[in-house]
Number of protein chains: 2
Amino acid sequence: MNASMTKNPENLAALRIETPPVTLREIALDRMRRAIIGGLFEPGGRLVERTLCDQLGVSRSVIREVIRHLEAEGLVEMLAKQGPIVAKLGWDDARQIYEIRAALESTAVADCARVAGANVKAQLRKAMGELERTSKQNSPIGVLDATTEFYKIVFEAGGNNIAWEIVSRLNSRISRLRVMTLSTSNRMASGPSQIREIFAAIDANNPEAAAAACRSHVTAAAAIAKTILS
Amino acid sequence: MNASMTKNPENLAALRIETPPVTLREIALDRMRRAIIGGLFEPGGRLVERTLCDQLGVSRSVIREVIRHLEAEGLVEMLAKQGPIVAKLGWDDARQIYEIRAALESTAVADCARVAGANVKAQLRKAMGELERTSKQNSPIGVLDATTEFYKIVFEAGGNNIAWEIVSRLNSRISRLRVMTLSTSNRMASGPSQIREIFAAIDANNPEAAAAACRSHVTAAAAIAKTILS
DNA sequence: GACCGTATCTTGGTATACCATCCTACAAAG
DNA sequence: CTTTGTAGGATGGTATACCAAGATACGGTC
């Protein structure tokens, strides 16, 4: 590692061959996660290993490791001597998840509002555009993705990547709820307006207003979820 | 499932034979987690699967599934085409973890203070006793365990079991830091007094005071961690 | 006809075998 | 002496074989 090798490291790094670390396990993990989130397997339903092997076309080793991962993520539960099942979600769990989201997201938007510069704001504006577009198209999962993207930018801009990890994981556990709340009533229209409010506060670099808007956003979602679940 | 079978279900459930679902994998998971937390493997060090097989006396299947779990927990990172390594922890990550802990723990102690009755208070008092005892013995990991037990009671009493899951996981990621902060200077003495403060606020059913005490507790720990890490 | 035992099938737990890839070391050619 | 090609070992990825335990269905016995 001499001087000539370390100069212009960023240029040299650019021509590094992108070796897609795409292993069977990662593909399977992704598919399984999407399948569970998308409701392809119903909550409480058993996940029979050998059946999954056939369905995904991989061996049990892969399936089992994927299940371990999903188990740690909270999407799958292990029943003693009965094997894995899709985790069920009751209102009490959902309530807690919304509370935690409210706490983490509101501080994240506040942090973001504190430091956001032109670059971040431009990214957020773009995500907002996507949100409005999908919202007009009445595409719940589109809105979901756009909202997720918005928050992702917010968290990373504020230097809260670990909180983002946590929120992502929690979101996947309530994903079915999220789609349902979006499909509910006039949420399709109100969602974007609430996000817009958050964005406005960030744009004005007003942390308190951003946090408040965010809290009311999550609280509203929780209220709808409650009517669905209980 | 007739009427006679469903009456007194709680009594019947009580005499269910406790079949310890102790699988090799769970034992191995526990051992590995403790080993990493305890610093037996150093951060960034490689975890060679076959070596671990020999060390734990199990087959690779078990090791690999355990590694998947630890990966999802954040204790292990996968390097593409190089296998698993023990996750490293920088100050930026630690900073975020302490912030999240401050948020979740302070709301949890507040919730607990709101609802705590005689039973919960007795449990907490017992945990405090353990804390004082281990503290006098200058046993950092004893203090750690006692503190953990205290918080566990707090979270569960307040109906925040999901937040507890998250906090536990975060704690395991900064566990090495926690022992180090405990070993530092007069922390061994100040720790119990701060917990005592939190307990006093819960005992008085004063949510605001409890949350404030908790925040200062976590903030103090973060400050010490910062001097160690950066 | 009701109850009990057994055979079998399903399912998860565990171990092992095989393969592709990568890293390292050594040797040969310039 | 440097460089490059190659062989060998190490390592992770994947598939499969085997086993024990639980669930289920069927047949025999009272």
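Chain A is the first sequence line, chain B the second, and so forth, proteins listed ahead of strands; every chain is numbered from 1. Here the structure is a predicted model, which means the values were calculated and not measured.
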query: Taking the side chain from B/Arg46 and the backbone from B/Gln82, do they hold a donor-acceptor pair closer than 3.5 Å?
result: yes
query: Got a salt bridge between B/Asp30 and B/Arg34, using NZ or NE/NH1/NH2 to carboxylate O under 4.0 Å?
result: yes
message: For a quick check, with a 4.0 angstrom heavy-atom cut-off, what is the B/S/- contact string for nucleotides 11-21 of chain D, read 5' to 3'?
response: BBBBBBBB---
Lys/Arg N to Asp/Glu carboxylate O, B/Arg169 vs B/Glu165, below 4.0 Å: no
Ion pair check, A/Glu71 and A/Arg68, cut-off under 4.0 Å: yes
message: Between B/Gln96 and B/Asp92, do the side chains contain a donor N or O and an acceptor N or O under 3.5 Å apart?
response: yes
